Amino acid sequence: MDEMKTQYAQVIVDVATMQTNQPYTYVIPPELAGQVEAGMRVVVGFGRGKRRVQGFVVAVSAENPLTSSAKLKPILEVQDLRPVLNQEALQMADWLARYTYAFKITCLQAMLPAAMKAAYTKTVSLTTSEVTPAVREMFAQKDELALAKLSPEQKKLLAPLSKQGKIEINYHVKDRAKSKLVLAIKRSLSETELQAAKTKLRKGAKKQAQLLDYLQTLPLDKEVFQANAQAKTGLGAAIFKAGAEKGWLKQSKVESYRNPYKQEVVKTEAKSLLPQQAQVVQAINQASDEGKAQTFLLQGITGSGKTEVYLHAISHVLAQGKQALLLVPEISLTPQMVSQVKARFGKEVAMLHSGLSDGEKYDEWRRIERGEAQVVVGARSAIFAPLPKLGLIIMDEEHEASYKQDDMPRYHARDVAIWRSEYHACPLILGSATPSLETRARAQKGVYGWLKLTHRANGKALPAVSLIDMKKEIMTAPVQDISQVLLAAIKQKLAQKEQVVLMLNRRGYSSFAMCRECGFVLKCPNCDISLTMHLDSHSMRCHYCGHEQGIPSVCPSCHSKRIGYYGTGTEKVETELKELLPTARILRMDVDTTRKKGAHEKILRQFGARKADILLGTQMIAKGLDFPNVTLVGVLNADTALELPDFRASERTFQLLTQVSGRAGRAQKQGEVLIQTFNPENYAIKLAQKQDYERYFRMEMAVRHRGGYPPYFYTIKITTSYRDEATAAKKIFQIAGQLKQVLSPTAQILGPSPRSVMRVNNRYYYQLVIKYKRESLLEDYLQHLLLISQKEERQGLRIVIDREPINFI
DNA sequence: AGCACGCCGACT
DNA sequence: GTCGGCGTGCTC
């Protein structure tokens, strides 16, 4: 046997603060030789102390790549038997870190289920018995005590001992990713042998005979869960154990997946396609057959049957032995959507969404990684699903803001999807009725392929959309959230036993308390935002930091009792509706009623079962719901989002109104949509009413061109924040000054300026936005800023770099 | 995060 | 003159 030469591993280390974004070299000790591969998680020592951290091996080499003869530390532990990240994932992490200005470690972690991130614990133990009785008492039960669980008194007691070296701190790195192991059994004898064993049994051994009978019904090499066998036979665990001892059967521990799908789904067959759908599927199939990394915009009006197109395209790649990835916005990952895909592809489907526990997510991830699932459906982070034979990526509702992650790594799933489509040489489909301007513009330029669905699958016309001018309403009737026209329409639908969806566009404002005498507005003590009234908890709450206090009856400023509540919240509208329509059954769906897990689904199920007449909610009811009995959709306040100082406000309003309009008349009945607005002349609202995306696109593109906004310019937002305003401001101005040195004259800097809600949780926020087309020096400057910003972070000054930010306010 | 190195105040 | 303050820098 030739001796194994010492090997070295390049490790990206999990040190949240002070990242160098560069791997560290570790020695692979002899006892771990041959066990360490790129893509595995390891535990290593880091720093001068005894600190242990998790790391990712990104490369293994036979030579020490370091020229300096620095003493290398060994890898202490290997956490995986096989790599958890393949070459694709490692390359993707490198790209993602650079592209989004993130640390590599956060990129690597983003690709894995949360359960695989290490849990760090620290413990204390005594190094000597020469301590006071009080201290000895503390360690009477256990040698090691968890540092986090010590009381302040206990800590005080131990503090002096640490200087004397009488105690030591131990660092533990724990892998939280635990597969659930359960007992399985397999019969180990042939039928004749079992029969023979049965004859040898003493009389009266009924249970054992029963077990032998059961074993005979099992196919020879089939492993079954013992729990299932116990349930089937009614026999206890002891009998199975005895059977194993007698050699009738073999017991083993097998990995069992936690099963998040409660109900069985009935398999459905593919529906036949309309000619237009068939053409689209044909184009996609051709690209996947040719192995082309082509991105397509699939622009299809609401109800045009995009989902059926997806399913056909997926089954085509599955037939080629390849895998498919379907991304949907978190909010539309409804049971309806899920069961549609499950019904078509059955056990081939894995699901990744926020409704699953960490353990369930880990199990689904394992199923994918082991090649047991060929189709993955999931929200944003599912774009990293480990599918080695990826043949098709689909992003439904590609314009949705939830595809952008708002903490590090600040990636947009679309960018990652394009990267993976190129890596796998497979097509990417971006589906939407209202594509983002960026995507639509690229389709026009020919960068993306452009597929269109212009007919509704059910042959019905688009619902009739009308605007209600609230300025006129106010002149003729007292101020209310629901106009006379809308009220009359609701009454009519209820009389016909049809259902109504009412949407409140809450973004930007909701009910706040103001003194009618002095104009005092009740604000959050920690944030620059007014408190919102919540009737259910009878309190005033801050939506930014969660601060909560009682509803004031006296003005804190002038002590007047004349406090009024202004604005519109779902609760207030609900109260108003109950007064206007005492017999109507109303379901409310907003952040408050959906906070509990599963509440979202429950409300929708109730509404689907016609247990309510009116579904009243915020944005979350606009997406992907499909209720055949809904014939009226009302939008109570179309324009609140328009006022926001964000160049995308108009685009969002248009998309939202178009989407919600599509909720009416999904099936046989003709739908009707009523939109209440104070700006009936605004082009976003007018064109949403006409359902004219193309004209909206042209008008908005002209606006963007004039203002120098995306898609004509790239944008990067930099935010600084600190607990005192001057420091945050000083830093952002310093960065702006440096940027001016770096940028060419064609680039622009917006700001610096305080963020519109400047103070949140007692931190002050300042920001600037860079608009540019091509800047050769910018990239290096920002990478540099990312690395040096960590030093400031330690002092509490936070710097955030966000490429192509979604929110500008 | 945590440890070492380094350069200024109040003390044996 | 020294002990120790915590600002600064580095961690394979």
Side-chain angles (χ1 to χ4, degrees), chain A residues 5-33 35-79 90 93-94 97 103-106 108-109 117-125 127 146-150 155 158-174 408 722-724 727 730-731 784-799:
Chain A
K5 200 170 172 289
T6 310
Q7 288 195 310
Y8 301 86
Q10 301 297 305
V11 182
I12 300 282
V13 172
D14 179 21
V15 188
T17 61
M18 223 49 224
Q19 263 293 319
T20 47
N21 251 0
Q22 162 209 318
Y24 289 94
T25 305
Y26 285 85
V27 178
I28 299 173
E31 66 272 20
L32 295 178
Q35 291 179 42
V36 181
E37 282 176 58
M40 286 179 177
R41 295 170 303 151
V42 291
V43 178
V44 293
F46 192 77
R48 284 180 238 268
K50 293 181 297 169
R51 192 169 165 212
R52 298 166 133 234
V53 293
Q54 188 181 56
F56 288 87
V57 178
V58 292
V60 172
S61 61
E63 300 299 323
N64 179 358
L66 288 186
T67 42
S68 69
S69 56
K71 56 222 170 301
L72 298 185
K73 288 184 178 179
I75 285 177
L76 300 174
E77 211 177 294
V78 188
Q79 292 187 307
L90 294 175
D94 278 353
F103 301 130
K104 271 183 195 159
I105 187 70
T106 59
L108 293 164
Q109 285 165 344
K117 204 170 143 179
Y120 296 108
T121 48
K122 283 188 274 186
T123 58
V124 261
S125 56
T127 54
L147 212 55
K149 283 186 186 160
L150 294 180
K155 275 185 192 160
L158 293 179
L161 299 182
S162 111
K163 269 184 207 147
Q164 299 162 24
K166 288 185 173 174
I167 55 169
E168 64 176 356
I169 310 287
N170 314 295
Y171 296 78
H172 302 273
V173 181
K174 224 171 61 205
M408 206 191 265
Y722 193 63
R723 61 179 181 274
D724 92 71
T727 310
K730 197 174 145 208
K731 189 69 204 177
H784 168 74
L785 182 65
L786 170 73
L787 293 184
I788 62 153
S789 69
Q790 300 176 94
K791 211 180 293 172
E792 327 236 25
E793 175 104 39
R794 287 179 65 179
Q795 266 83 60
L797 177 67
R798 209 141 52 214
I799 302 173

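Note that this is a predicted model, so its numbers are computed, not measured. Throughout, protein chains are lettered first and strands after them, A, B, ... in sequence-line order, and every chain is numbered starting at 1.
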What's the spacing between H172(A) NE2 and R52(A) CZ if we round to 0.5 Å? 8.0 Å
Measure the distance from NZ on K73(A) to C1' on dT11(C) and round it to the nearest whole Å. 7 Å
Is any side-chain heavy atom of N21(A) less than 4.5 Å from a side-chain heavy atom of L786(A)? yes
Interatomic distance where CG belongs to D14(A) and C1' belongs to dT11(C) [whole Å]: 14 Å
Quickly work out the F46(A) CZ to dT11(C) P distance and round it to whole Å. 8 Å
Looking at every strand, decide which applies to Y171(A) at a 4.0 Å heavy-atom threshold: base, sugar-phosphate, or nothing. sugar-phosphate
Output the rounded distance in Å from CD (Q54(A)) to P (dA1(B)). 18 Å
Nearest-Å distance for atom pair CZ/C1', residues R52(A) and dC12(C): 16 Å
Under 3.5 Å, N/O pairs linking protein and nucleotides 7-9 of chain C:
unit_1, atom_1, unit_2, atom_2, d
dG9(C), N2, R48(A), NH2, 3.3

Rounded to the nearest 0.5 Å, what separation is found between the CD1 atom of I12(A) and the CG atom of L90(A)? 9.5 Å
Under 4.0 Å: is that the gap between some side-chain N or O of K122(A) and OP1 or OP2 of dG2(B)? yes
Steps toward side-chain hydrogen bond (donor to acceptor under 3.5 Å, both in side chains) verdict (N64(A), T25(A)): CA-CA 8 Å; N64(A) 179 358; T25(A) 305; 4.9 Å; no
What integer distance in Å separates I105(A):CD1 from dT11(C):P? 18 Å
To the nearest 0.5 Å, atom CD of Q109(A) lies from atom CG of D14(A) at 4.5 Å
How many whole angstroms separate atom CD1 of I169(A) from atom P of dG2(B)? 9 Å
Quick one: K50(A) NZ to dC3(B) P, roughly how many Å, whole number? 9 Å
Neighbour count above 12 (heavy atom, 6.0 Å) for K50(A) NZ: yes
